[in-house]
4 protein chains.
Amino acid sequence: MAVVLGDNQYGKAETRLVRIDRTGGRHRITDLSVTTTLSGDLAATHLTGDNTGVLPTDSQKNAVFAFARDGVGEIEDFALRLARHFVDSQPAIGRARVGIEQYGWDRIGLDGGTAPHSFVRTAGTRTATATYDGSTAQVVSGVTDLVVLNTTGSSFAGYVRDPYTTLPEAADRILATALTARWRHATDTAGDRTGDWANSHRESVRHLLEAFADTDSKSLQQTLYAMGQRVLDHRPEVVEVRLSLPNRHHFLVDLAPFGLDNPGEVFFAADRPYGLIEGTVLRDDAPPAGLAWW
Amino acid sequence: MAVVLGDNQYGKAETRLVRIDRTGGRHRITDLSVTTTLSGDLAATHLTGDNTGVLPTDSQKNAVFAFARDGVGEIEDFALRLARHFVDSQPAIGRARVGIEQYGWDRIGLDGGTAPHSFVRTAGTRTATATYDGSTAQVVSGVTDLVVLNTTGSSFAGYVRDPYTTLPEAADRILATALTARWRHATDTAGDRTGDWANSHRESVRHLLEAFADTDSKSLQQTLYAMGQRVLDHRPEVVEVRLSLPNRHHFLVDLAPFGLDNPGEVFFAADRPYGLIEGTVLRDDAPPAGLAWW
Amino acid sequence: MAVVLGDNQYGKAETRLVRIDRTGGRHRITDLSVTTTLSGDLAATHLTGDNTGVLPTDSQKNAVFAFARDGVGEIEDFALRLARHFVDSQPAIGRARVGIEQYGWDRIGLDGGTAPHSFVRTAGTRTATATYDGSTAQVVSGVTDLVVLNTTGSSFAGYVRDPYTTLPEAADRILATALTARWRHATDTAGDRTGDWANSHRESVRHLLEAFADTDSKSLQQTLYAMGQRVLDHRPEVVEVRLSLPNRHHFLVDLAPFGLDNPGEVFFAADRPYGLIEGTVLRDDAPPAGLAWW
Amino acid sequence: MAVVLGDNQYGKAETRLVRIDRTGGRHRITDLSVTTTLSGDLAATHLTGDNTGVLPTDSQKNAVFAFARDGVGEIEDFALRLARHFVDSQPAIGRARVGIEQYGWDRIGLDGGTAPHSFVRTAGTRTATATYDGSTAQVVSGVTDLVVLNTTGSSFAGYVRDPYTTLPEAADRILATALTARWRHATDTAGDRTGDWANSHRESVRHLLEAFADTDSKSLQQTLYAMGQRVLDHRPEVVEVRLSLPNRHHFLVDLAPFGLDNPGEVFFAADRPYGLIEGTVLRDDAPPAGLAWW
């Protein structure tokens, strides 16, 4: 028996990059958290502390800032640029993953219009991850921390009743979740694409929200599947959708001790524990995921 | 010398109440965190554990839920109802403060309009605090976690240079903050008012944002004062504004080592430390604050 | 009516200073978050953006680091040094408050002893705040995030039963809290003291914990008072203790649906809402607090 | 092309269970967060909302509490009991994973000894995950949020210098991380074991800390490997160690502008970005991991 090195990776996490585009009279803001992760022939630094193949994480951070000088563009493109750069320029690095979170900003209203250089943060975060191994690039787009709620149109009944089941069936309940969704683009598209990531993202989010809103839900799993299917039905560039849906329970409060009824009006929003429903919806002819979800 | 009991208070913090109004075809959602705080003749429980004057915090939570059965309305009114209830119904309680955070929700777009019972969380939190001492009621409205940023129109120069000063003057910098503002209503208004809290809040926030956007700022203190003044200039029902403005530093990245200039485009958004600017703007004839800021 | 500037202050929050003392073979670590707050003649920057009286928050941060070069010592002394520095060196500054959090570290065990320069973080945070107005210095020491729990010796009964009371009396309950305590030192002591802050802090915490542990508690208020009193009974240098005790509810789980009893063994630890008990215990001859709690 | 369901799972996250063992005069506390995750024949609920195979997450939570009635024991055993229960009792469930976090408590000192039923929270969290698929059980033990720091004995030099590299080499730096480590037990051991999980965990943590402390580190990767190797060298029941080590950068502050040197004494502890080093160390004859890391 011998002890050996297994899978390993390293990088710089959460580089907070803000870029201002001042061209024209109206500024634009790009607000990102960028995480770079590299993998490759890194046994020497692990085994002996020989760093001759190690690009410092500080240099990775610097590259993030320097690459932004020419403009960031859509985060999928920026992630691809960076991932390719690390693999193509570093002999020891065989794979790179660049994950980006983008925080949204709206213009502040002013004088019946909007201010040219003043902004207010919006909710929800757009995400993108690009991976590259020297030959194939994969792109996953997504959204996280998008909190949604249906006040009706959700039930939960007909489930298993084991000796630990006390939950009453619910014919009409609140359904709430903090949506994390990620969708994989077709590889050939991702590899070369300089296309319309912005429109693809906007439309995918729209389909997710619409499916959440208009699905008559008998379980959060059914809603999850409907959301993934809706994106795949409308966006040919997407081949796989992964969703993680915490079930943010809203419990109807028993007001009977106070002589009051409660016809679905007053709820307690609980923190923990919470249900957690996770699943994948994909095309049956989706190409292999390869490193996409690394 | 003797040891004595000084100021004290107790209550229930962060009761998470969600109320659904289902009247008509389009639902409405009220999403709150309610904190109740009571004070009064409570020496016995401190000194001997005699709880005959103590209304349990559990009962306070129950009251929050029960009172919501009739509707919440504007959070200022709901806070006032609860504060008065505790003082008026409990002999031992001389003062009550009810603080509420309200989380915003937008309707999800659907079919060219909006969904009737589906919602997505928005950024920023509306706040209200009502205090009541058996005779006088005070109301403070506010907003918190409203993150705003100007890409230009902000400078910082002409400051003290002591032996520890290395900061270069900035003729044009990013100015960003996570706004917490609270504004006190005239007491007589607050005491009886069943008026238009919603409009007062909406307009006050609009004035805060507009003043943030259109002030040519030589210091965050100047912006702070301008924001408070703007509200007081336009909202006669408001007599005092308190603001807490963390200065979320955005540092221009030095790209010269990489052969690049950086004309105000690429920034690093720092977490800590951060400047913290706090101040009060008020009318010189404002009535005494009394318990308003308790 | 005119709009005027009221109370205001500014400073640098959460400067994360780590100092290593390498004298001798065994290193020592001081790990701090320092917040400086200044107040004074600052109307000009608010009203016109004239910064001639404003010491930048960046300079305040620099002073924190520079002052640490000579050693930090006990955090009460370090806070006093800094507070005096800002007031004494800045004509516009009339008052300064320096608040410090200190994070604890233990040595890592090694070879039957402890490692000379390797550490592991411990729980709980020591705090100190010094205020100075040019003539009087005040010092408040404290602790925060110290989570404690009694498995027995706590009851809650005999309380008010109003129409919203459903809570059953508890003859024996879990009592748990995340302790925040701050204690004010006698002014003359604080002003000149170069004495034994370390011992005072260690003993005060010991008394707080012992009083929490050995008080037969009929309410969390009673425990709060006992904790404050214990410190005052044993530490003559302390004149006032303020405590904030969130009641971390542990609810006995009803296992009857599963054919099981539950004699005080299985609990659900709830997050929100939580009780919040706050109070002050002081000497009846305590000198005025002045700016101590600013 | 058709849309199909891919990998999916569901469960209850973060059930906060506290169990008190009152046997004998001195109580013991077990403080857990338990997450259950089930997978199996769940297509019906996703595709049509047919829940006939779905055990509610509420029932999973109830089982966690009910199983604790008999005692929790070591968390590895408790996780195994629960994982087997779900798979063996539910026809639709083919795989179960139960992940547990255990929070540590020390006794409060009292009267020269320790209090019999009073506790204070300690830092660091013990973890365990058990997976079961109807035939094979896997157990992974671990620790998280264990923050450690070396004041010397760490360097970083000899690395790649690309066009974005500005980092100066460090002959002697602070090395700090928040350790997350997980180690997989040999399958046959895990499947049947009712052995000494407590001792195995205690010793594994000791070896991790000792290797962190006594490794003369030329990179955090080298420290990572040394930590994993140390455990494998001493604990025959462990076959694989996975570590995730955020590099908590401590930057030496430049005090030269203030006329001061800084010989490794005054540091700024940065939040973001941070390096992130992750790796696996294992035996070359380790049995397949199967579902262990699911």
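The model shown is predicted, which means the values in this text are computed figures rather than measured ones.
For chain D, the nearby part of C:Ala115 is the side chain; its heavy atoms alone come within less than 4.5 Å. Looking at D:Ala269, both its backbone and its side chain come within 4.5 Å of chain C, counting heavy atoms on both sides. The parts of D:Leu209 that come within reach of chain C are both its backbone and its side chain, each placing non-hydrogen atoms under 4.5 angstrom from that chain. For C:Leu179, no part sits under 4.5 Å from any heavy atom of chain D, backbone or side chain. Neither the backbone nor the side chain of D:Pro116 comes within less than 4.5 Å of any heavy atom in chain C. Only the side chain of D:Val253 comes within less than 4.5 Å of a heavy atom of chain C; its backbone N, CA, C and O stay farther away. Residue D:Leu175: no heavy atom, backbone or side chain, is found under 4.5 Å from chain C. Only the side chain of D:Phe258 comes within contact range of chain C, with heavy atoms under 4.5 Å apart. For D:Leu17, the parts lying near chain C are the backbone and the side chain together; criterion is any non-hydrogen pair under 4.5 Å. For D:Leu149, the parts lying near chain C are the backbone and the side chain together; criterion is any non-hydrogen pair under 4.5 Å. Both the backbone and the side chain of D:Asp261 come within less than 4.5 Å of a heavy atom of chain C. Residue D:Thr122 touches chain C through its backbone alone, counting heavy-atom pairs closer than 4.5 Å.
Ranked by heavy-atom pairs shorter than 4.5 Å toward chain D, the options C:Ile108, C:Asp214, C:Thr30 are led by C:Ile108. Ranked by heavy-atom pairs shorter than 4.5 Å toward chain C, the options D:Thr151, D:Val148, D:Asn262 are led by D:Thr151. With chain C as the partner, the residue from D:Ala66, D:Gly71, D:Ala176, D:Gly124 showing the most heavy-atom pairs under 4.5 Å is D:Ala66. Among the candidates D:Ile174, D:Val120, D:Asp106, the residue making the largest number of heavy-atom pairs closer than 4.5 Å to chain C is D:Val120. Taking C:Arg69, C:Arg206, C:Lys61 one by one and counting their heavy-atom pairs under 4.5 Å with chain D, the maximum is reached by C:Arg69. Interface summary for chain C: among D:Arg19, D:Glu265, D:Arg121, the most heavy-atom pairs under 4.5 angstrom belong to D:Glu265. Taking D:Gly109, D:Pro263, D:Gly153 one by one and counting their heavy-atom pairs under 4.5 Å with chain C, the maximum is reached by D:Pro263.
With rounding to the nearest 0.5 Å, the separation of CZ in D:Phe119 from NE2 in D:His27 is 8.0 Å.
A parallel orientation is assigned to the rings of C:His234 and C:His207, their planes being inclined by less than 30° (bins at 30° and 60°). Between D:Trp183 and D:His201, the ring planes are tilted. Angles from 30° to 60° get that label.
Using a 3.5 Å distance cut-off with no hydrogens or angles, the side chains of D:Arg235 and D:Ser204 do not pair a donor with an acceptor. Between the side chains of C:Arg182 and C:Ser244, not a single donor N or O lies within less than 3.5 Å of an accepting N or O. A donor-acceptor pair shorter than 3.5 Å cannot be found between the side chains of D:Thr125 and D:Asp145. A donor-acceptor contact closer than 3.5 angstrom links the side chains of D:Gln60 and D:Thr36. When only modelled atom types and interatomic distance are considered, C:Arg28 and C:Thr23 share a side-chain donor-acceptor pair under 3.5 Å. When only modelled atom types and interatomic distance are considered, D:Ser89 and D:Arg84 share no side-chain donor-acceptor pair under 3.5 Å. Using modelled atom types, one finds no donor on one side chain facing an acceptor on the other under 3.5 Å when comparing C:Thr127 with C:Thr144.
Between C:His85 and C:Phe67, the ring center distance clears the sub-6.0 Å criterion.
C:Gln90 places no side-chain N or O within 3.5 Å of a backbone atom of C:Phe86 that could act as its donor or acceptor partner.
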